[in-house]
Number of protein chains: 2
Amino acid sequence: MTPRSCPPGPAAPLPSDPDEALALLATALAHPARVRILRFLLAREECFAGAIVDHLPLAQSTVSRHLAVLREAGLVRGEVDGPHICYCADLEALERAGELLRGLEAAAIGAEVGP
Amino acid sequence: MTPRSCPPGPAAPLPSDPDEALALLATALAHPARVRILRFLLAREECFAGAIVDHLPLAQSTVSRHLAVLREAGLVRGEVDGPHICYCADLEALERAGELLRGLEAAAIGAEVGP
DNA sequence: ATCGTATATCGGCGATATGCGATAGGCCTT
DNA sequence: AAGGCCTATCGCATATCGCCGATATACGAT
């Protein structure tokens, strides 16, 4: 029942196109409630879905939907733990988002030269 | 007419709440067309809106809408240059997105200890 | 003043997102 | 077998997104 981060399991398959992959991850991060869920899980205060519901001013069904979005993007995984489901944030997926972002910034490298 | 990156002008005001700020920037990045526009502008191949339209399989009005979304998020700025508008990607805004992302990852720091 | 180019905005359409309550399914306990 | 907790899914309403064609606006050139 101890909240733990995701074991480095098989990562969710992202589009091969970096722009589409970044857009996909950004879509999952494009709602404050989902970012809060991620932060909550990363801090590993708790991991059960019920605890997340208690932590947000949203209905249980709405939180469940946000969790599904995060899961589909590979940012979160859930393991059944008896009657509960322990969710964990996939730090690797977040790091991939960072890499894709840096890859985008890198498009500016080499464009520094002026006439 | 030379495409240039944004001078470090006044940054767009982001929400003070990091979660909302990250969600806002992520919303702007949450579409492949907008990421492609950013990459195109960062590479500084060209900067006129018309060039961006030619670079994407989208109608002019649609591209204009995407540019407005990027502008509202502070990721892009446009300077009137005669009859054209020269758009530039705000590298600082992208870097702020990276910082917010790292700040989120940092929520996991200190949660590494087990009982 | 008029025309032409470049960009933004409007109106409409279908698709998707967000929210909720209600319901269904899983698993433990009794 | 029955009941209780936890989570997911369904159904619905509303709002926003993404796309386009059409129109409006701004500016330079004629």
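Below, chain A is the first sequence line, B the second, and so on; all start at residue 1. These values consider heavy atoms only, across backbone and side chains, with no hydrogens, waters or symmetry-generated copies.
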Colleague: Check whether any side-chain N or O of B:R34 sits under 3.5 Å from a backbone N or O of A:A23 as a donor-acceptor pair, and report yes or no.
Modeller: no

Colleague: Pick the closest DNA chain C nucleotide for A:V80 and for A:V69 by heavy atoms, then say which residue is nearer the 5' end.
Modeller: A:V69

Colleague: Judged by each residue's nearest nucleotide on DNA chain D, which is more toward the 5′ side, A:H84 or B:T62?
Modeller: A:H84

Colleague: Please report, rounded to the nearest Å, how far the P atom of C:dA8 is from the CZ atom of B:R65.
Modeller: 11 Å

Colleague: Using atom CG of B:L58 as one end and atom P of D:dG18 as the other, report the distance to the nearest whole Å.
Modeller: 11 Å

Colleague: Is there a donor-acceptor pair under 3.5 Å between the side chain of A:H84 and the backbone N or O of A:C86?
Modeller: no

Colleague: Hey, which sits more toward the 5' end of DNA chain C by its nearest nucleotide, A:A30 or B:A51?
Modeller: B:A51

Colleague: Check the distance between C:dT18's C1' and A:Q60's CD and give it to me in whole angstrom.
Modeller: 15 Å

Colleague: Expressed in angstrom and rounded to an integer, what is the separation of B:L67 atom CG from D:dC19 atom P?
Modeller: 13 Å

Colleague: Side chain of B:S61, heavy atoms from C-beta onward: which of D:dC20, C:dT7, C:dA8 has the nearest atom to it?
Modeller: D:dC20

Colleague: Using OP1 and OP2 only, check whether a side-chain N or O of B:H66 sits under 4.0 Å from D:dC20.
Modeller: no

Colleague: Rounding to an integer number of Å, can you tell me how far B:L70 CG sits from D:dC17 C1'?
Modeller: 14 Å

Colleague: Please name the residue in the list A:L22, A:L104, A:D19 that meets the side-chain contact (heavy atoms from CB on, under 4.5 Å) test with B:L38.
Modeller: A:L104

Colleague: CD of B:E79 versus C1' of C:dT7: gap in Å, rounded?
Modeller: 16 Å

Colleague: Side chain of A:S64, backbone of A:Q60: donor and acceptor closer than 3.5 Å?
Modeller: no

Colleague: Tell me: CG of B:L56 to C1' of D:dG18, nearest whole Å?
Modeller: 14 Å

Colleague: Nearest to the A:S64 side chain among D:dT9, D:dG18, C:dG19, which nucleotide is it?
Modeller: D:dT9

Colleague: To check you understand the geometry: which heavy-atom pair defines the closest contact between A:L56 and A:I37, and what is its length?
Modeller: CD1-CG1, 3.5 Å

Colleague: Rounded to the nearest Å, what distance is computed from the CD1 atom of residue B:I85 to the C1' atom of nucleotide C:dT9?
Modeller: 13 Å

Colleague: Is there a side-chain contact between B:Y87 and the phosphate of C:dA8, meaning an N or O under 4.0 Å from OP1 or OP2?
Modeller: yes

